[in-house]
Amino acid sequence: MPNFLELGIEEPWVAALKENGIAVPTPVQTETIPLLLAGRDVIARAKTGTGKTIAFLLPILQRLDPSRSYPQALIIAPTRELALQITEEARKIARGTEIRILAVYGGQDVEKQLRKLEGGRHLIIGTPGRLNDHLRRGTLELGGVKTLVLDEADQMLHMGFLDEVEAVIQALPYQRQTLLFSATMPAEVKRLASFYTRDAEDVTIKVEQSPVPLKSIKQLVVEVTDRTKQQALVSMIDMYRPYLAIIFCRTKRRASALNAALLERGYASDELHGDLSQAKREQVMKRFREAKLQLLVATDVAARGLDVEGVTHVFNYDMPHEVESYIHRIGRTGRAGGKGMAVTLASPKDRGDLQRIEQGIQYAIERRRYEQDGAIVEVRGPGASGGKEAGRHKEQAGGPGRKASGGRGNAGRDGQRRSGREDKAVRAASRNGKDARGGSKRGASGGRNQSRGGTPPQGRRGRGTDAGRRGGRSGR
DNA sequence: AAAAAAC
């Protein structure tokens, strides 16, 4: 396995990576960086959480000319949060250099953005709407762009986005390098991709054999009814005690309503969707990243790209309608070699969608059923309606005394009651010399909800023993 | 079918 230097990344950048806890290139970085440095167009497909962002950022940053103060590279992302995240990542790596990076997205003051643009920027990272806004005003000049990246490329080239993306591309030189990155690339989108690239190298990283999502993500489907759905979710939060969890809903209104219900029950929860002000959205993301919130109730705005350390669980409160959505949603956990769990609630009307998802990922997801009395029982196989295996599952939802105190789950209130699974986590943590029970400071100070596991996820915390694929980075 | 993305 080559190191970054051998891939063509120069010493100062290797040092900057090291400062950010990144030492060993991931497979997608190993495969794409030499091609990108050589100026090739690339269509890259690699699973969620395997280091795609660094793969395109490094060659871009290294080849920017800071002495020329105009945009030389442009990265387009499908959501504002993702644009901001990529910007922060780029700024971390470029710290101490002359390189000026600007995020250009909607919901923030245009005038302020304008002044920053006038200051001269080398790298622009933005969302399509606001980029076009600036282009029409004549306040953004992209004629000097040598490299274009479409992050989450399949979404950017999809209906609803394509027109705006195309409009931005019109403002770029025809002679340029174009890079398309995503975890998913449906065939029809891939055909489209050839219109925007020239002699593109196709890079598909198969970290594992068959199932499309990462194996490090434990997937589960829990059969519920619309009536028991919310209770089932709460039971499972109390049972699995996520450090951080993202709960996906179908609509903005449903996300908002569910968040209100979780707040009512005493959880450290908040909502994220497009009906909120951009200031609120950024505040919520910040608090979630700091683990001041345990639960993030979101629409698909949070499905793609967001990389939040400590997300141990993803809950699909509402079944996603497309396999791509499922893959990206559950990919918010189990990142950078860590472990994660994805629980999808399925009501009877979700049968068709679920079937298509399992077909798409070529994998029959383990099935359970939530019963009226709060128990979670095993179901024999996909589609099986009655076949119980071995009766009650040993992980009794909620545990003793749940509900006794007016609804709020008190599982693990004293840190004593743990499932076998959590005991494993405790043992794993103590192997790594960490205080699993007391948790980190983050865990201990995370709001009044008591259902948080004290064990931050393994894999990125602390240097040394646990150098994961990203080299055991210590923070972001 | 919904969400995202400009004002």
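Order of the sequence lines fixes the chain letters, A, B, ..., with proteins taken first and strands second; residue numbering starts at 1 for each chain.
As judged by a 4.0 angstrom heavy-atom cut-off over every strand, A:Gly106 is placed among residues touching the sugar-phosphate backbone only. A:Arg136 comes within 4.0 angstrom of a base, heavy atoms only. Heavy atoms of A:Arg304 sit nowhere under 4.0 angstrom from any nucleic acid atom. Residue A:Glu322 is classed as a base contact, given a heavy-atom separation below 4.0 Å to a base. Contact annotation for A:Asp133: base contact, defined as any heavy-atom pair under 4.0 Å involving a base atom.
For A:Asp154 and B:dA3, the CG to P distance is 19 Å, given to the nearest whole Å. In this structure, A:Met159 atom CE and B:dA2 atom P are separated by 15 Å, rounded to whole Å. Atom P of nucleotide B:dA5 and atom CG of A:Leu150 are separated by 16 Å, given to the nearest angstrom. When the P atom of B:dA3 is taken as reference, atom CG of A:Leu82 falls 19 Å away, rounded to whole Å. Following rounding to the nearest Å, A:Leu117 (CG) and B:dA6 (C1') show an atom-to-atom distance of 15 Å. The separation between A:Arg356 atom CZ and B:dA1 atom P is 11 Å, rounded to whole Å. We find that NE2 of A:His328 is positioned 14 Å from C1' of B:dA4, with the value rounded to whole Å. Rounded to whole Å, atom C1' of B:dA5 lies 15 Å from atom CD of A:Glu152.
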In residues 139-146 of chain A, what donor-acceptor pairs under 3.5 Å come from side-chain atoms, sequence neighbours left out?
{"residue": "A:Thr139", "atom": "OG1", "partner": "A:His134", "partner atom": "O", "Å": "3.1"}
{"residue": "A:Thr139", "atom": "OG1", "partner": "A:His134", "partner atom": "ND1", "Å": "2.8"}
{"residue": "A:Glu141", "atom": "OE2", "partner": "A:Gly143", "partner atom": "N", "Å": "2.6"}

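Between A:Thr299 and B:dA4 there is a side-chain N or O to OP1 or OP2 distance below 4.0 Å. Considering only side-chain N and O atoms, A:Arg80 lies nowhere under 4.0 angstrom from the phosphate OP1 or OP2 of B:dA4.
Of the charged side-chain nitrogens involved, at least one lies within less than 4.0 Å of a carboxylate oxygen, so that A:Lys280 and A:Asp270 count as a salt-bridged pair. Salt bridge annotation for A:Glu366-A:Lys218: present, with a cationic side-chain nitrogen under 4.0 angstrom from a carboxylate oxygen.
Candidate nucleotides B:dA6, B:dA4, B:dA1 were compared by shortest atom distance to the side chain of A:Tyr105, and B:dA6 ranks first. Among the nucleotides B:dA5, B:dA6, B:dA2, the one closest to any side-chain atom of A:Thr251 is B:dA2.
Counting heavy atoms of neighbouring residues, nucleotides and ligands inside a 6.0 Å radius, atom CD of A:Gln355 does not exceed 12 of them.
Within the structure, every pair that satisfies the salt bridge (Lys or Arg N to Asp or Glu O under 4.0 Å) test and touches residues 74-86 of chain A, not counting sequence neighbours, is listed here: A:Glu81-A:Arg281.
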